[in-house]
Asks: 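The structure is given below, and queries will be raised subsequently.
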Amino acid sequence: MHTDQLQRRRRLLFICALSMLLGGLAVLVAKSLLLLINLVTNAAYNHQFSFSPASPWTHTLGFWSIFIPVIGGLVVGIMARFGSVAIRGHGIPEAMEKILIDDSRIPRRMTWLKPLSSAVAIGTGGPFGAEGPIIATGGALGSLLGQLFPVSGTERKILLAAGAAAGMTAIFSTPVSSVLLAVELLLFEFRAKSFIPVAMAAATAGTLRPLFLDAAPVFPMPTFEMIQSEAFIAIIILGFLMGLLSVLVTKSVYAVEDLFEKLPIHWMWWPAIGGLAVGVIGLVEPRSLGVGYENITAALSGNFTISAAIGLCVWKFISWAIALGSGTSGGTLAPLLTFGGLLGLVVGHLLIYLFPNSGIDPHVMALAGMAALFSGCSRAVLTSTVFVFEATLQPLSLIPLLTSCSVAYLISSLLMENSIMTEKIARRGIKVPHEYHPRP
């Protein structure tokens, strides 16, 4: 027995060492992905070879900008057809599928195909975030290490989750929520032997991140005071609305996907069709193009009128739903945060208009809205709560965040069986665990 215990401890130390290596690699991959997105954006919209930060919505190309997302979608479709079909989608469901049915084995080519295809899709105006692709790439790196070294299937799953958590930390500097994401969506269990290596990977990525990326909060916002009891009721109402909206968002995305399935052409061409919708909408509302982290920051700072917030939210949602449903490569987190933040700001202003003495802060409503929509769509309530806290570093935000996320999760789970993360693989007949069960 003593020998067995010693062997298990050595294996745990070995997996922790590999996880820390993953943490360092994830930071380099995240930096490379962001630079690649900048390069594609500058080449497509500014016609220059540059790695400097760029936003596609500041272009001056006029009507011809419509065709840039079409070209990007065509490139992604070709990469999916002749490279790997697994690059389609936002990454997390595909990682979950590999864990559940393929012993956490992700093809090696995914370590470069996924970030490259995502950079093309986002850089040519796709309304996505970089977080889904880097989570998928980090998971692919973890799976690759698990295939290069003699490890068990359980240990390979831990390495995949560690790589995913490290990738999310590298993008957002949110190590705790990254670990929670791995626990809630990838590990399907809560054991110290599973999440300690994941935590080591996230901590390593968080430590090295300031060497390559900005150390400031990803989404800065004005500091606010402790919410009052009347405002607490507003947070509950907002969580209820975001729970309903999460059902609408999820069903809309998969309804669009079903419509693409009925097209009488090969799926390789679908991302180009989705790109056409992105380009046309981008001509109407340029801020719908690209990642749009600046839109989230503006919503948290209250720098939107009600009409502008509603307009951007509606146009970006239509663009995102069509593009994602077409099977291109991109993330869901940044769009969900954008929708939730903008609508939270709108609801806050409307409640202040109706109840001017309620003590409601529109900044807090935007903050709670972005977290609540993420919680309702992903069913990762702890991840959503802690993520927005870490991304904004607001010391008094935990109560409104936990409240709105819990209510949104409750409403979503009552009205919809699967989440935006699990619906795709559930449609393929794969049973997804919804609760943790002890391993015999």
Side-chain angles (χ1 to χ4, degrees), residues 1-33 91-92 95-96 98-99 102-112 114-115 131 133-213 215 383 386 390 436 439:
M1 180 63 69
H2 178 73
T3 303
D4 292 340
Q5 290 179 349
L6 184 61
Q7 180 65 23
R8 285 196 294 269
R9 291 171 182 173
R10 288 176 176 174
R11 294 298 300 178
L12 179 59
L13 290 175
F14 175 64
I15 298 300
C16 284
L18 290 180
S19 298
M20 294 177 70
L21 174 62
L22 280 172
L25 292 175
V27 174
L28 296 176
V29 172
K31 179 64 174 180
S32 301
L33 175 60
I92 296 179
M96 296 171 71
K98 291 299 181 180
I99 289 174
D102 204 14
D103 207 20
S104 303
R105 297 180 184 274
I106 297 178
R108 299 181 182 185
R109 59 184 178 274
M110 284 294 292
T111 56
W112 61 271
K114 184 63 177 181
E131 65 289 328
I134 193 60
I135 289 173
T137 304
L141 282 173
S143 176
L144 176 60
L145 284 184
Q147 296 174 64
L148 294 177
F149 291 91
V151 300
S152 65
T154 300
E155 291 171 334
R156 192 179 302 111
K157 178 183 71 171
I158 294 172
L159 290 173
L160 189 155
M168 182 174 174
T169 302
I171 290 291
F172 289 115
S173 188
T174 54
V176 179
S177 59
S178 299
V179 175
L180 291 173
L181 177 81
V183 170
E184 291 187 298
L185 297 181
L186 297 175
L187 289 175
F188 304 114
E189 62 179 358
F190 189 80
R191 295 191 309 157
K193 291 182 179 179
S194 296
F195 71 76
I196 289 300
V198 176
M200 295 298 293
T204 303
T207 301
L208 297 178
R209 183 183 185 276
L211 299 177
F212 300 92
L213 298 165
T383 300
V386 179
E390 289 184 297
Y436 303 135
R439 294 173 64 87

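Here the structure is a predicted model, which is why all the values come from computation and not from measurement. Along the sequence shown, residues are numbered consecutively beginning with 1.
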Asks: How far does CG of Leu22 sit from SG of Cys16, to the nearest 0.5 angstrom?
Replies: 11.5 Å
Asks: Please find the pair of heavy atoms, one from Gly23 and one from Ala166, that lie closest to each other, and give the distance.
Replies: CA-CB, 3.8 Å
Asks: Which pair of non-hydrogen atoms, one from Val198 and one from Ala182, has the smallest distance, and what is that distance?
Replies: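 The pair with the smallest heavy-atom distance is CG1-CB, 3.8 Å.
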Asks: So, taking the atom named OG in Ser32 and the one named CZ in Phe212, what distance separates them when rounded to the nearest 0.5 Å?
Replies: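 Interatomic distance, Ser32 OG to Phe212 CZ, rounded to 0.5 Å: 9.0 Å.
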Asks: Walk me through whether Leu148 and Arg108 qualify under side chain to side chain contact (heavy atoms under 4.5 Å, CB included).
Replies: CA-CA 10 Å; Leu148 294 177; Arg108 299 181 182 185; 3.8 Å; yes
Asks: Heavy atoms only: give me the nearest Gly167-Ala26 pair and the separation to one decimal.
Replies: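 Minimum heavy-atom separation between Gly167 and Ala26: N-CB, 3.7 Å.
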Asks: Of all heavy-atom pairs between Leu187 and Ile158, which one has the smallest distance, and what is that distance?
Replies: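 Taking every non-hydrogen atom into account, CD2-CA, 4.2 Å.
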Asks: As an exercise, state the distance from OG1 of Thr174 to CE of Met168, rounded to the nearest 0.5 Å.
Replies: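 The OG1 atom of Thr174 sits 4.0 Å away from the CE atom of Met168.
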Asks: Would you compute the distance between atom CD1 of Ile15 and atom CD of Glu155 and round it to the nearest 0.5 angstrom?
Replies: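 Ile15 atom CD1 to Glu155 atom CD measures 4.0 Å (nearest 0.5 Å).
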Asks: How long is the straight-line distance from CG of Leu33 back to NZ of Lys114, given to the nearest 0.5 Å?
Replies: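 If I round to the nearest 0.5 Å, the distance is 10.5 Å.
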Asks: Where is the tightest heavy-atom contact between Leu186 and Lys157, given as atom of each residue plus distance?
Replies: O-CD, 4.2 Å
Asks: Can you give each donor-acceptor pair under 3.5 Å made by side-chain atoms of residues 133-147, sequence neighbours left out, with the distance rounded to 0.1 Å?
Replies:
from: Thr137; atom 1: OG1; to: Pro133; atom 2: O; distance (Å): 2.7
from: Ser143; atom 1: OG; to: Ser104; atom 2: O; distance (Å): 2.6
from: Ser143; atom 1: OG; to: Ile106; atom 2: N; distance (Å): 2.8
from: Ser143; atom 1: OG; to: Gln147; atom 2: NE2; distance (Å): 3.0
from: Gln147; atom 1: NE2; to: Ile106; atom 2: O; distance (Å): 3.1
from: Gln147; atom 1: NE2; to: Ser143; atom 2: O; distance (Å): 3.3

Asks: Of the non-hydrogen atoms in Ile171 and Ala30, which two are nearest, and what is the gap between them?
Replies: CD1-CB, 4.0 Å
Asks: Using residues 200-207 as the side-chain source, report each donor-acceptor pair under 3.5 Å to any protein atom, sequence neighbours left out, with the distance given to one decimal.
Replies:
from: Thr204; atom 1: OG1; to: Met200; atom 2: O; distance (Å): 2.8
from: Thr207; atom 1: OG1; to: Ala203; atom 2: O; distance (Å): 2.8

Asks: What residues, two or more places apart in sequence or in another chain, satisfy salt bridge (Lys or Arg N to Asp or Glu O under 4.0 Å) together with Glu390?
Replies: none
